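Values in this document were obtained by computation on a predicted structure and should not be read as measured data. Counting starts at 1 for both ligands and their atoms, following the listed order.
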Amino acid sequence: MSVTPRWSRKKPHIPLLAVLLLVFIACSILYNEFSIQQIHESPDHAPHSQETSFTYVKPNLPKGASEVLDRFSSCNTTRNYSGKKIQWVDPDAKSGRRSRVNQESCDVFSGRWVFDNTSYPLYKESDCPYMSDQLACHKHGRSDLQYQYWRWQPHNCNLKRWNATEMWEKLRGKRLMFVGDSLNRGQWISMVCLLQSVIPANKRSITPNAELTIFRAEEYNATVEFLWAPLLVESNSDDPVNHRLAERIIRPDSVLKHSSQWEHADILIFNSYLWWRQGPVKLLWSAEENGACEELNGVGGMELAMGAWADWVASNVIPLKKRVFFVTMSPTHFWSQEWESRSDGNCYNQMTPITLEGYWGSGSDLPTMRMVDKVLSRLGSKVSVINITQLSEYRKDGHPSIYRKFWETLSPQQLANPASYSDCIHWCLPGVPDVWNELIFHFL
Ligand SMILES: *[C@@H]1O[C@H](CO)[C@@H](O)[C@H](O)[C@H]1NC(C)=O
Ligand SMILES: *[C@@H]1O[C@H](CO)[C@@H](O)[C@H](O)[C@H]1NC(C)=O
Ligand SMILES: *[C@@H]1O[C@H](CO)[C@@H](O)[C@H](O)[C@H]1NC(C)=O
Ligand SMILES: *[C@@H]1O[C@H](CO)[C@@H](O)[C@H](O)[C@H]1NC(C)=O
Ligand SMILES: *[C@@H]1O[C@H](CO)[C@@H](O)[C@H](O)[C@H]1NC(C)=O
Ligand SMILES: *[C@@H]1O[C@H](CO)[C@@H](O)[C@H](O)[C@H]1NC(C)=O
């Protein structure tokens, strides 16, 4: 008898505990979900608690009194970076998740190089009247020509086969513009060489201009253009010829000087990287008068510039009307010990690609890649990534090294040691940039 009441008195305790436990579990799940959701929903540009000291600058405002930077610009004073950031807002961000254009079942950027001397090269160096003396390696003495015979083979699919006529059909009535530095100019020359052979000589022309060079094909009413803008934002290096300056000054919050030239293009192909790898940059904010600069490291400067660029893309690109591509960093091959231990050369005399899957050289900065990835992800379907870094990493054999025209006279010491003046940055044509353009063709 006594057992029953005690048992019955205890009986409600167990369900109560269970209920309390369930309520506790439910609450913690709800709480967690809520806080996760809050994190997801907080806009990236909103100041986080630990960042409240940052000031946010709205980029690309029409210029007031601030003067245009040129190679004669200088800073009156320089202080440390103030921490100001670029505030860019995607006006379409609230319209739900957007799919990335590059998200197809096969990752065409993951693959290997296959020797293929039947379909490659796609054109002959000597057949392209627009070839640059900096990239014509055979003409400048390179005798091993295997570098021209490699095809990029994605692991799980095939790239669309290059077809110049089909590309011209895609370009009919359109302006295709490359915007960036000398690597991007190389890709532009590659594109012109890939395309020009099917146009009769009297139906094509090239107009060299200050920063903008235009290749025209009359019968397609189409142009393939290159705009020199190595830092994307306005800078003191915007002169396409005289741009080697000790002091790099940028307007971190404005692309307007360049965007006024690129805004009418239908297809835009941007790049920017190596110019941010040459030490600190000076920032001259638009609101700043009297030439008071701030100094910041290259990656930090590039992040600001990418913000100003992304602001332009976010507010000006309607994906069905304009295509925008961003080409990731082009690798360099200055230290052969990175692919062959105990060697002390560079890209000079390298005749075959690296076969080690996933090889990554120290010149391709990972924090920069992560920053670029983050910016491009936020732009969603407004920009397509052409991720050339990994595939070009393998091509230590693809650089001009000593087989190009050099603008400076070479000293006897340099000539005695050819590796010392090798160009391990740019790429011979025909060569690696042709594949970058096949990737553009694949996605267009
Ligand atoms: C700039 O920053 C460096 C490193 O943080 C510091 O050593 C230096 O004193 C600062 N200079 C000025 C003028 O604030
Ligand atoms: C392609 O390469 C193979 C092997 O190196 C060689 O035997 C052949 O003659 C080459 N074909 C052409 C068209 O160059
Ligand atoms: C190239 O494209 C054109 C136009 O689309 C087509 O007529 C032609 O057959 C293609 N050539 C090849 C070799 O596929
Ligand atoms: C040529 O293309 C431009 C756009 O780039 C367009 O404005 C113009 O109307 C076109 N002309 C012809 C004759 O199709
Ligand atoms: C530097 O300062 C002087 C006077 O303080 C001013 O006249 C000049 O415009 C400034 N330079 C720049 C590049 O702003
Ligand atoms: C490019 O590909 C590499 C791997 O090859 C990856 O780590 C990186 O995040 C990619 N970058 C972008 C911007 O998609």
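Less than 4.0 angstrom separates some heavy atom of Gly173 from each of these atoms of ligand 4: 2 (O), 4 (C), 5 (O).
Inside a 4.0 Å radius of atom 2 (O) of ligand 3 there is at least one protein heavy atom.
When non-hydrogen atoms are compared, ligand 6 lies under 4.0 Å from neither the backbone nor the side chain of Arg370.
At a 3.5 angstrom cut-off on N or O pairs, Trp360 does not count as close to ligand 6. Among the atoms of Thr328, none of the N or O lies under 3.5 angstrom from an N or O of ligand 6.
Shown here is Arg112, whose CZ atom has no more than 12 heavy atoms of other residues, nucleotides or ligands within 6.0 Å.
Scored by the ring-ring contact (aromatic ring centres under 6.0 Å, His included) test, Trp150 finds Phe115 as partners (sequence neighbours excluded).
The ring-ring contact (aromatic ring centres under 6.0 Å, His included) with Phe270 is formed by just one residue from the set Phe325, Trp262, Trp188; it is Trp262.
Counting only residues at least two apart or in different chains, salt bridge (Lys or Arg N to Asp or Glu O under 4.0 Å) contacts with residues 339-357 are absent.
Here Trp312 and His258 keep their ring centres 6.0 angstrom or further from each other. Aromatic rings from Tyr220 and Trp168 are positioned such that their centres are separated by under 6.0 Å.
Annotation: atom 6 (C) of ligand 3 to nearest protein heavy atom, Asn163 ND2, 4.2 Å.
For atom 10 (C) of ligand 4, the nearest non-hydrogen atom from the set Thr223, Asn221, Leu171, Asp266 comes from Asn221.
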